Amino acid sequence: MSNIRWQYAEHWRTWSPKGPVNQFSSRREMDHFIKQLSAVGFEGLGMFAWNLMAVSAMFGSPKGYREFIAERGLSQIVDIFFAMPQATQGVAPHRRETHDLIVRILEGFVRASAGTGAENLVVMPTNAHNNMEPVTDEKIQILAELWNRVGKMAKGYGLKLGCHHEFWGGLRTREQIDRFYELTDPEYVYLFIDTAQHVIAGVDPVDLYVRHHDRVSGFHFKDTRHVDLVGDYRSHPDAELVASTTPRWFYEMGTPGGLVDFPALMHALKEYNYQGWIGVEHDKADIGGSYPESTALAMWYARNVLSKIYS
Amino acid sequence: MPIRWSYALNQWRNGHDRFVLRSDHETAFKTVSISGFDAVELEAGSGRWEPLGREDWIELHYGSVRGLRDAMSSCALQGASSYVFDPANPIFEEGAFGRSVLNADDHVAIARTAEQYCRLLPQLGGDTLVVRALPAYAATKMTVLETVSLAAECWNKVGAIAASHGVRLALNVDCLSVLRTIEDVELLLEQCDADTVGLSIDIADAVIAGIDPTELFKRFASRTWHVQFKNTRFVDELEEYKLPNPEKTMIGGGGKREIDRWYWELGDEKGLVDIQRFYSALVENGFDGWIVVDSEQSPVPATSTMLNGWYVNNTLRTHAADRAA
């Protein structure tokens with residue numbers, strides 16, 4: 001049994017005669033999507049929570065979807081991901097009065113994921129930075145209250161809650177992140193490391209892993225060629241799309257000029273005997289590239305470079 | 001020697017000035033490798049936009065042939081399995097703009113060009129030169145017997161040269177030539193030296209031409225030195241191979257039916273090729289050449305490569321293992 005298993009976070013869009021489509025447009029597209037992942041060595045799949053409804057419509061239930069992917073070589077859904085970047089009257093993690101609703105929403109998704117094999121509930125723990133600034137210690141304490149509640153709820157369903165920190169989110173600096181994990185319960189709240197997001201925010205993901213290794217529940221491995229030096233993280237309406245410095249933040253592992261030190265991270269995982277899934281994510285890969293090519297290149301890198309360090 | 005798997009890069013270069021950058025080659029090499037294939041098949045080519053098409057252009061782009069081989073190795077590929085050479089394509093460096101095996105005056109020049117690839121292949125780890133056996137029907141102004149006789153004369157020359165370099169010459173009979181039956185193919189092979197000239201079977205082209213590729217292989221199992229794997233949804237029922245310039249009018253343009261894609265992935269649900277049956281025949285007959293899969297006409301070659309890799313590993317090899325058990 002290997003220590004590391006690879007899963008794919010389901011961002012995908014590819015060409016069709018009727019224009020770009022994703023895997024939810026038909027069973028045929030889904031069949032091709034899953035077979036491509038299986039062909040290059042993935043064993044699991046990460047899902048957006050809101051797509052549980054789409055796969056239920058296509059396969060009768062999330063469990064039916066799991067059977068479909070298993071027939072093609074992927075054993076299970078690994079993560080259910082949820083984010084709410086815009087602060088609204090009803091949903092704003094840094095406002096206590098919205099917590100009950102957030103917990104109810106997430107419990108609904110957790111229940112809906114029954115039968116998928118999901119191990120992790122992964123969340124963006126804040127709204128976008130520009131929707132909650134200034135980020136104060138009082139707000140971080142309020143966030144910690146919420147995610148302790150959610151983590152306890154998730155644990156009751158057998159899932160670990162992992163918090164995923166976008167470079168444009170409310171918990172983005174090393175100080176903010178460290179403070180958040182000081183305030184949250186290690187039994188209920190875990191750190192889900194997205195390598196590119198941290199590098200863009202000026203946080204070293206290797207050092208972050210070393211510091212919090214016993215709190216880490218998973219990873220998104222992707223690369224970037226940029227660090228945000230000019231405050232692009234505050235861009236409206238979406239710092240990932242309208243930044244002043246680059247139209248594309250994210251690249252596949254192994255990209256020329258990539259700033260994430262993946263070999264160092266794998267050495268750290270080996271040192272701390274990490275055993276579990278690593279997710280590969282390609283967000284907006286078709287800005288000057290393609291999802292299929294990025295996926296093949298990333299798994300080539302995983303198999304031919306990273307697995308030689310730790311597997 | 002066990003069956004060896006390679007992947008053709010033809011569709012990655014889907015435009016005359018595409019697939020020139022070394023970074024594009026690296027992407028293709030890695031995609032082929034991670035999809036489970038051991039080598040790549042290259043096409044002979046000419047001019048500054050064909051960095052993999054000739055030795056001189058390889059040297060300009062990679063410093064040396066060794067440089068290209070090293071680039072392949074660094075992507076976890078063994079090298080190049082084979083080159084595909086069509087004498088009718090322009091060769092600017094030689095002042096050639098459409099040689100034909102049906103013109104005896106071209107035979108020496110064709111053999112000279114082919115020898116370049118016979119020298120090149122072993123340096124890249126390859127051993128098979130695949131040639132377009134005949135031009136298209138419309139470019140064939142003689143009887144079938146005259147056609148196969150002239151072509152065999154040329155390919156026997158090339159076959160002897162190839163053998164002297166340790167390279168196997170495989171004649172690819174595509175869906176556009178005058179050869180439309182197994183018996184037609186036999187006419188050609190009968191006149192070729194069995195020791196130095198073999199057959200390349202493109203299973204999709206055979207089906208398009210109305211030939212059962214498995215029966216074709218069974219008839220010439222010992223002469224089959226190379227196979228090309230892809231699928232098709234169509235048979236050329238309208239005999240459009242007789243059109244002028246059918247490479248464009250029929251294959252590219254889709255003919256009267258405006259067929260968008262003749263060629264599809266191996267596991268295509270509407271595909272007409274019985275690939276499992278063909279593969280079983282290869283295994284049962286101890287085929288020891290290259291199986292070269294390709295993405296021809298795919299809008300996303302990487303997707304087709306991964307889908308074909310999935311099919312090979314989850315369907316063909318499983319199927320063959322089941323039959324063996």
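The structure displayed is predicted, hence computed values, not measured ones. Just so we're on the same page: letters track the sequence lines, and every chain starts at 1. What's counted below: heavy atoms across the whole structure, side chains too, no hydrogens, waters or symmetry copies.
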Engineer: Can you tell me how far apart CD1 (B:Ile34) and CG (A:Asn304) are? Round to the nearest 0.5 Å.
Structural biologist: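 If I round to the nearest 0.5 Å, the distance is 6.0 Å.
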Engineer: Counting only heavy atoms from other residues, nucleotides and ligands, does the tally under 6.0 Å from NZ of A:Lys63 exceed 12?
Structural biologist: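 Counting neighbours around NZ of A:Lys63, 12 or fewer heavy atoms of other residues, nucleotides or ligands fall under 6.0 Å, so no.
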Engineer: Determine whether a donor-acceptor pair (N or O, by modelled atom type, separation under 3.5 Å) exists between the side chain of A:Trp300 and the backbone of B:Cys75.
Structural biologist: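 At least one qualifying donor-acceptor pair exists.
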Engineer: For each of B:Pro299, B:Pro301, B:Gly309, B:Ser23, tally heavy-atom pairs with chain A at distances under 4.5 Å, and name the one with the top tally.
Structural biologist: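 Top option by heavy-atom pairs under 4.5 Å: B:Pro299.
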Engineer: Heavy-atom distances under 4.5 Å only: say whether B:Ser74 touches chain A with side chain, backbone, both or neither.
Structural biologist: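 The backbone, not the side chain.
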Engineer: Among side-chain atoms of A:Glu293 and B:Thr31, is any donor-acceptor pair under 3.5 angstrom?
Structural biologist: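 B:Thr31 and A:Glu293 do not have a side-chain donor-acceptor pair below 3.5 Å.
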Engineer: Can you tell me how far the CE atom of B:Met306 sits from the NZ atom of A:Lys35, to the nearest 0.5 Å?
Structural biologist: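 Answer for the CE-NZ pair, B:Met306 versus A:Lys35, is 13.5 Å.
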Engineer: Look at B:Ala76, B:Gly36, B:Ala28, B:Gly267 and state which one has the largest set of heavy-atom pairs under 4.5 Å with chain A.
Structural biologist: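 Ranked by contacts with chain A, first place is B:Ala76.
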Engineer: For the CD atom on B:Glu269, are there more than 12 heavy atoms of other groups (residues, nucleotides or ligands in this structure) within a distance under 6.0 Å?
Structural biologist: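 Result for CD/B:Glu269: enclosed.
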Engineer: Supply the atom-to-atom distance B:Lys30 NZ to A:Met299 CE, rounded to the nearest 0.5 angstrom.
Structural biologist: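 One finds 14.0 Å between NZ of B:Lys30 and CE of A:Met299.
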Engineer: Determine, stepwise, if the pair A:Arg72 / B:Trp310 fulfils side-chain contact (heavy atoms from CB on, under 4.5 Å).
Structural biologist: CA-CA 9 Å; A:Arg72 289 151 181 79; B:Trp310 188 93; 4.2 Å; yes
Engineer: Show the nearest heavy-atom pair for residues B:Thr27 and A:Leu297, with the distance to one decimal.
Structural biologist: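 Here B:Thr27 and A:Leu297 meet closest at CA-CD2, 3.7 Å.
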Engineer: Which atom pair, heavy atoms only, marks the closest approach of B:Thr303 to A:Pro292?
Structural biologist: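 In this case the closest contact between B:Thr303 and A:Pro292 is OG1-CG, 3.1 Å.
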Engineer: Is there a side-chain contact between A:Pro17 and B:Asp260 in this structure, where contact means two heavy atoms from C-beta onward sitting under 4.5 Å apart?
Structural biologist: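 Contact flag for A:Pro17/B:Asp260 side chains = no.
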Engineer: If you apply the rule side-chain contact (heavy atoms from CB on, under 4.5 Å), what do you find for A:Arg28 with B:Asp268, and how did you get there?
Structural biologist: CA-CA 10 Å; A:Arg28 182 171 187 274; B:Asp268 183 65; 3.5 Å; yes
Engineer: Could you state the interatomic distance from CG (B:Leu307) to CD (A:Gln36), rounded to the nearest 0.5 Å?
Structural biologist: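 One gets 4.5 Å once the value is rounded to the nearest 0.5 Å.
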